[in-house]
Amino acid sequence: MHTDWTTTDIDDSRARELGTTLGVSPVTASLLMARGHETPESARAFLTPTLAGLRPPQRLFGMDTAVKRLVRAITEGEVIFICGDYDADGITSTALLVTFLRNAGAHVAWHLPHRVEDGYGFHASQVTDRAVPAQARVIVTVDCGSTSFEAVNAAKACGIDVIITDHHTTGDTLPDALAVINPKQPACESGMENLAGVGVAFYLAAALRTALRDIGHWKKGGEPNLKALCDIVALGTVADIVPLTAENRILTRAGLEMINRDTRPGIASLLTAAKANKESVDSEDIAFRLAPRINAAGRMDHAQVGLDLMLAPSKAQAAPIATELCRLNSHRQETEARIFDEIVTYIEESPAMLDRKSLVLARNGWHPGVLGIVASRVVREYGKPAFVISVDERGIAKGSGRSIPGVDLYKALSATSDTLERFGGHRQAAGLQLRADRIVDFHRELESHLTETTTQEDYLTAIPADARLPLSEISPALIDELETLAPFGEGNREPLFIAEDIQVLSSTEVGRGHRRYILAAKGNPHLAKCMAIRFNHPGGPPEKRIARCLFSLRWNRWNGGKSPQMQIHDMET
């Protein structure tokens, strides 16, 4: 995959004008404009997101019907059964609704599926084996259910109403549930299609809180503060890699504020167990410290372990669960590395595979819990859409796919659906199941689809840098301004800058293959030198001068203090 650096063309005079109006530097103003905020009003709303800026829950199609049914269930003492999923989004969605409904005095039960034994989604067996014995009268799915026709029919046959809350891509036909709340369904015109599953669950809780208030349910006290649930929303939203814009940005910003208040025992204990810097937790900490450990529960054991952490009432009860999640994550990392190494060896022995537009890799016995992560590594390594598939002893093949920006994976699977037993997902990530003897057919049809629908340009990757920023212009005020653009993630990436002709004062290898630099900041009135870190940088002679580097800029906080630090993403020497 060819990679280049590009810069965004911004009108400098307009950036200076916007910066003057907002009281920020032209650099920060240009970053706001590049993100589509060209007016002071839009920019201020982006810089100071508040929960008051959320669109009303009633804009989500199906919400009113769902809320009326749940109000009746709560007031009449009926059992509400939550069916979740085994990833971090599904775990946090379940935790949010269980927490809210308990607070509301509801009788609530739940079930999370086992990745291998149950598979993804809402199944009829959950109705007959779980919901019916629990005497449930209402089932609420979270982060799943939009394609669960059989399960919904089974529930109706048992006299149980089903409310689907989900965010996955739907077909033209939906299950015959009492209500479907999914911003991606054709009938929904809310404009909130980027919500994660936990975001949809939050909106249901918000609408239900208002409806219960209207009937005087909270008169005795105990009306929940929805901001207190935003830590759970932030965790699930960042983990699911949905765009951190609009509602997602508001909810994640509020959630990070709650996480930094150290209020939820489970999250606080996991930060401690993961050895995270708890002085200022950000979206990167969620993405690389918290989310992988929550996901490790569903990947390597059972998602219930992650849910137990989210629901733990004290740090004393949460601490051993957090330790177990760290152990499971280490096991996940080892398993992932072994499978990836096998794939690299296989491709080295069969280099003609790289002439294709996609990679489909299958083997008996690969651990199904890590296939998606391995597929992501394959895409990064080879620059092609990739499916990693595990075949069991029955000849059933289950796999996960990841894609490059120029290829829509869900459309590709739709075009090859005659070879598949089931599939689902998004543009960049998807899962599938098929017979092992159809894998070759699947790959052939996938190649045919990609040949017809993609061009060479779709396989080229350009890293968008925001601006050129000499080290002489780095200042504490600029770094403070950059922090106001956070949280960073999908759809709101961390700003990247280009600097040229940099003198290296020292270069030291640290950790496992990382390199720390001290760089000269000539002509800078604020600092004479700047610390920099480059992760996963191979060893070799240290550079004396860097011709060009691509970097982000942030505060490095430690032991109550902070100092400017560059993170180098790429360089030319």
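Heads up: numbering here begins at 1 and tracks the sequence. Treat the numbers as computed from the prediction; the structure is a model and nothing was measured.
- A heavy-atom distance below 4.5 Å is not found between the side chains of P464 and L496.
- In this structure a side-chain-to-backbone donor-acceptor pair under 3.5 Å is missing from D240 to V242.
- Residue F497 holds its CZ atom at 11.5 Å from SG of C549, rounded to the nearest 0.5 Å.
- Expressed to the nearest 0.5 Å, how far CG of L325 lies from CD1 of I294 amounts to 5.5 Å.
- P113 and G119 make their closest contact through CB-O, 3.7 Å (heavy atoms, listed as atom of the first residue, atom of the second, distance).
- Classification of E336 and R332 as a salt-bridged pair holds, one side-chain N sitting under 4.0 Å from a carboxylate O.
- Using a 4.5 Å heavy-atom cutoff, the side chains of L434 and F423 are not in contact.
- Dense packing is recorded around CD of E572, with more than 12 heavy atoms of other residues, nucleotides or ligands lying under 6.0 Å away.
- A distance-only check finds no donor-acceptor pair linking the side chain of D392 to the backbone of G365 [under 3.5 Å].
- S390 places a side-chain N or O within donor-acceptor distance of the main-chain N or O of W366, the cut-off being under 3.5 Å.
- Counting all heavy atoms, side chain and backbone alike, V379 lies closest to R402 at CG2-O, 3.4 Å.
- Within the 4.5 Å cutoff, side-chain heavy atoms of L47 are placed close to those of L32.
- Remark: side-chain polar atoms of S417 are paired, donor with acceptor, to backbone N or O of S414 under 3.5 angstrom.
- Judged purely by distance below 3.5 Å, without hydrogens or angles, the side chains of H443 and S358 pair a donor atom with an acceptor atom.
- Between L226 and L51, every side-chain heavy-atom pair lies at or beyond the 4.5 Å cut-off.
- Counting non-hydrogen atoms of other residues, nucleotides and ligands closer than 6.0 Å to CZ of F535 gives a total above 12.
- A salt bridge does not link R554 with D282: every distance from a Lys NZ or Arg NE/NH1/NH2 to an Asp or Glu carboxylate oxygen is 4.0 Å or more.
- Judged purely by atom type and a 3.5 angstrom limit, T92 has no side-chain atom pairing as donor or acceptor with the backbone of V198.
- With values rounded to the nearest 0.5 angstrom, D418 atom CG is found 8.5 Å from D441 atom CG.
- The environment of Q456 atom CD is sparse: at most 12 non-hydrogen atoms of other residues, nucleotides or ligands sit within 6.0 angstrom.
- The two residues A207 and V67 have their closest heavy-atom pair at CB-CG2, 3.7 Å.
- Taking the centre and axis of the six-membered ring of F46, the NZ or CZ atom of R249 falls inside the cone set by 45° and 6.0 Å.
- Looking at L112 and H302, their side chains come closer than 4.5 Å, going by heavy atoms from C-beta outward.
- Few gaps surround CG on D355; more than 12 heavy atoms of other groups in view lie less than 6.0 Å from it.
- For the atom pair CD1 (I163) and OG1 (T65), the distance works out to 9.0 Å, reported to the nearest 0.5 Å.
- Looking at heavy atoms from C-beta onward, K156 lies in side-chain contact with D176 at the 4.5 angstrom threshold.
- Here K184 does not pair with E193 in a salt bridge; the nearest charged N to carboxylate O distance is not below 4.0 Å.
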Worked check of salt bridge (charged side-chain N to carboxylate O under 4.0 Å, His left out) between R338 and E334: CA-CA 6 Å; R338 176 179 54 78; E334 295 165 359; over 6 Å; no
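- Of all the heavy atoms in P368 and R115, the pair that sits closest is O-CD, 3.9 Å.
- Counting heavy atoms from C-beta outward, P495 and R35 have side chains that approach closer than 4.5 Å.
- For H114 (side chain) and E117 (main-chain N/O), a donor-acceptor pair under 3.5 Å exists by modelled atom type.
- Note that CZ of R55 and CD1 of I250 are 8.5 Å apart. Values are rounded to the nearest 0.5 Å.
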After noting the C-alpha distance and the side-chain angles of I181 and F61, does the key distance pass the side chain to side chain contact (heavy atoms under 4.5 Å, CB included) rule? CA-CA 6 Å; I181 307 172; F61 185 83; over 6 Å; no
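- With D89 contributing its side chain and A196 its backbone, the two residues share no donor-acceptor pair below 3.5 Å.
- Between F387 and F442, the ring centre distance stays below 6.0 Å.
- Judged purely by atom type and a 3.5 angstrom limit, T419 uses its side chain to pair as donor or acceptor with the backbone of T416.
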Taking only distance into account, with no hydrogens and no angle test, what donor-acceptor pairs under 3.5 Å do side-chain atoms of residues 138-152 form with protein atoms, sequence neighbours excluded?
residue	atom	partner	partner atom	Å
T141	OG1	C144	O	2.7
T141	OG1	T165	N	3.3
D143	OD1	H167	NE2	3.1
D143	OD2	G90	N	3.3
S146	OG	D166	OD2	2.8
S146	OG	N182	ND2	2.9
S148	OG	F122	O	3.0

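- Of the possible polar contacts, one joining the H123 side chain to the Y120 backbone as a donor-acceptor pair under 3.5 Å is found.
- Taking every heavy atom of both residues into account, Y86 and A303 meet most closely at CA-CB, 3.6 Å.
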Pair I80, I82 - check side chain to side chain contact (heavy atoms under 4.5 Å, CB included), show working. CA-CA 7 Å; I80 302 170; I82 311 297; 4.1 Å; yes
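- Among all heavy-atom pairs drawn from N248 and P243, the shortest one is ND2-O, 2.8 Å.
- R493 has a carboxylate O that lies under 4.0 Å from a charged side-chain N of D466, or vice versa, which qualifies the two as a salt bridge.
- Side-chain atoms of H168 and Y410 include no donor-acceptor pair closer than 3.5 Å.
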Going through the checks in order, is the side chain to side chain contact (heavy atoms under 4.5 Å, CB included) test met by R293 and L270? CA-CA 8 Å; R293 287 165 170 81; L270 191 56; 4.0 Å; yes
Assess whether side chain to side chain contact (heavy atoms under 4.5 Å, CB included) is satisfied between R548 and W5, documenting all intermediate values. CA-CA 11 Å; R548 290 203 313 159; W5 310 348; 3.4 Å; yes
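- Other residues, nucleotides and ligands contribute only 12 or fewer heavy atoms inside 6.0 Å of the CD1 atom of I241.
- Side-chain contact check for L70 versus L204: some heavy-atom pair is nearer than 4.5 Å.
- Note that CD1 of I373 is 8.5 Å distant from CD of Q333, once rounded to the nearest 0.5 Å.
- Looking only at distances, a side-chain donor or acceptor of D458 sits under 3.5 Å from a matching main-chain atom of T455.
- Around the NZ atom of K357, the shell of radius 6.0 Å holds more than 12 heavy atoms that belong to other residues, nucleotides or ligands.
- For the salt bridge (charged side-chain N to carboxylate O under 4.0 Å, His left out) test, residues two or more places apart in sequence or in another chain that qualify with R427 are D408.
- Classification of E189 and R59 as a salt-bridged pair fails, no side-chain N sitting under 4.0 Å from a carboxylate O.
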